[in-house]
Number of protein chains: 2
Amino acid sequence: MATELDKIDFKILRLLQENGRITNLLLSQEIGLSPAPTLERVRKLEMSGFIKSYHALVDEEKLGLGIKTFIQVQLDFHKNNTIQIFLDEVNLIKEITECHHVTGQADFLLKVYVSDIKAYERLIMDKISKISVVKTFQTMMIMSTTKKEPIVPLEY
Amino acid sequence: MATELDKIDFKILRLLQENGRITNLLLSQEIGLSPAPTLERVRKLEMSGFIKSYHALVDEEKLGLGIKTFIQVQLDFHKNNTIQIFLDEVNLIKEITECHHVTGQADFLLKVYVSDIKAYERLIMDKISKISVVKTFQTMMIMSTTKKEPIVPLEY
DNA sequence: TATTTTTTAGAATTAAATTTGGTAATTAAA
DNA sequence: TTTAATTACCAAATTTAATTCTAAAAAATA
């Protein structure tokens, strides 16, 4: 199986990132092929892992998640398995939807969703600050999000 | 139209966030209704905006996007339309996929995708640092991402 | 309790996905 | 350069799913 993608494949990737539920018929028309080879290309992109999954995007505000933040966390590296301890705890906290290991002053950057400030205080007091290996953390509260592309920047 | 969601609606939201391409038939079996009312509920969730859109998730690494970073930006507020100038520039830079207005030392947090370090240097030198209202910025390079939920944390 | 409204299931219809078989184009080998 | 092999494609047929429709059941209201 050749893993080289041509322009048509990139176009398929773009269209499916834009609309994950586009019908195969429409997709085939957009890319200028008939339905059969279009479907075959999509299946190949799925099988080879270029397309990982499909997801519905929901309106968090409407669902009552009024508070979104990023938290920069610095760890205390006195134990030798500090990072694993931290990651295990993070995985138990459902309000944390993203966890990135980053360079810079902070060790980790977390993304958090909660309903309101009270819930945020509880998260901080009862969960984040109780993780033994956490040294310091700083909240960046998201006031607004002006750009959130569902598409990664590709050449084609 | 009542905007009250019941447990079945929340289950639909969860299942569609997990798998945006689940068939209506399967979805109906999962939630324990027949296909017709299941479809009607999904359409209502779409029409009322609880479901905003559907997207394919691609493998950025495989597509050659080896560098992912967050950039914290501080603006220079000497002009009175500083923020709008900044946002207009950000919208022109395709490598920036997210832009959040945040509290804390930084004014904005950007998420960036590029192919390699050379491309990152070009982004910084030719684009970010040339935005007139940018005072300072700091890169947090993402070394690994250990959690990235496609599902927002809901009660039900 | 009677009436209205809403929600649902099941059947019928429509549309889409998938498979199949054959052809053209490309690539590899002689 | 010719031939063989592979790959990609299209069109049509088939299968499967989505959608619509009708009537019954459940829930809400009077």
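Lettering of chains follows the sequences in order, A, B, ..., and the numbering in each one begins at 1. Here the structure is a predicted model, which is why all the values come from computation and not from measurement. Computation of the quantities below employed the complete heavy-atom set of this structure, encompassing side-chain atoms and omitting hydrogens, waters and symmetry-equivalent molecules.
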Practice task
Kindly point out which of C:dT20, C:dT7, C:dG10 is positioned nearest to the side chain of B:Arg41?
Solution key: C:dT7
Handout entry: Separation of atom CG in A:Leu26 from atom P in D:dA18, rounded to whole Å
Key = 16 Å
Practice task
Using a heavy-atom cut-off of under 4.0 Å over every strand shown, decide if A:Thr23 touches base, sugar-phosphate, or nothing.
Solution key: sugar-phosphate
Handout entry: Between C1' of D:dA11 and CG of A:Leu39, the distance in whole Å
Key = 15 Å
Exercise for the section: Verify the contact: side-chain N or O of A:Lys44 to OP1 or OP2 of D:dT7, cut-off strictly under 4.0 Å; return yes or no. Expected result: no
Problem - Out of D:dC10, D:dC9, C:dA17, whichever nucleotide has its closest atom nearest the side chain of A:Ile8 - result: D:dC9
Practice task
Whole angstrom is fine here: how far is it from CD in B:Glu46 over to C1' in D:dT19?
Solution key: 13 Å
Exercise for the section: Kindly indicate, with the supporting measurements, whether the criterion side-chain hydrogen bond (donor to acceptor under 3.5 Å, both in side chains) is fulfilled by B:Ser115 and B:Tyr120. Expected result: CA-CA 8 Å; B:Ser115 57; B:Tyr120 194 66; over 6 Å; no
Handout entry: B:Gly66 backbone acceptor or donor facing B:Glu60 side chain under 3.5 Å
Key = no
Handout entry: Flag if over 12 foreign heavy atoms under 6.0 Å of CD, B:Gln29
Key = yes
Problem - Watson-Crick or G-U wobble partner of C:dA30, both distances under 3.5 Å - result: D:dT1
Exercise for the section: Report yes or no: does A:Thr145 contribute a side-chain atom to a donor-acceptor pair with the main-chain N or O of B:His100 at less than 3.5 Å? Expected result: no
Practice task
Mind checking A:Arg21 for me? I need base, sugar-phosphate or nothing, with any heavy atom below 4.0 Å counting as a touch.
Solution key: nothing
Handout entry: Protein-nucleotide distance (A:Leu16, atom CG; C:dA17, atom P), rounded to Å
Key = 11 Å
Practice task
Just compare D:dC9, C:dA16, C:dT8 and give me whichever is closest to any side-chain atom of A:Leu25.
Solution key: C:dA16
Handout entry: Whole-Å distance separating the CD1 atom of B:Ile31 from the C1' atom of C:dT7
Key = 13 Å
Fill in the blank from the handout: From the candidates D:dC9, C:dA9, D:dA18, the one with an atom nearest any side-chain atom of B:Asn24 is D:dA18
Completion exercise
Taking D:dC9, C:dT18, D:dA18 as options, the one with an atom nearest any side-chain atom of A:Leu33 is D:dC9
Exercise for the section: Could you work out which one of D:dT19, C:dG10, D:dC9 sits closest to the side chain of A:Glu40? Expected result: D:dC9
Handout entry: Euclidean distance, atom CD of residue B:Gln29 to atom C1' of D:dT16 [Å, nearest integer]
Key = 13 Å
Exercise for the section: Anything under 30° is parallel, anything over 60° is perpendicular, the rest tilted; go ahead and classify B:His101 against B:Phe108. Expected result: parallel
Problem - DNA chain D: 5'-proximal contact among A:Pro37 and B:Ala36 (nearest heavy atom) - result: A:Pro37
Exercise for the section: Take atom CD of A:Glu4 and atom P of D:dT7, then tell me their distance rounded to the nearest Å. Expected result: 15 Å
Exercise for the section: Return no unless some side-chain N or O of A:Arg43 is found under 4.0 Å from OP1 or OP2 of C:dA17. Expected result: no
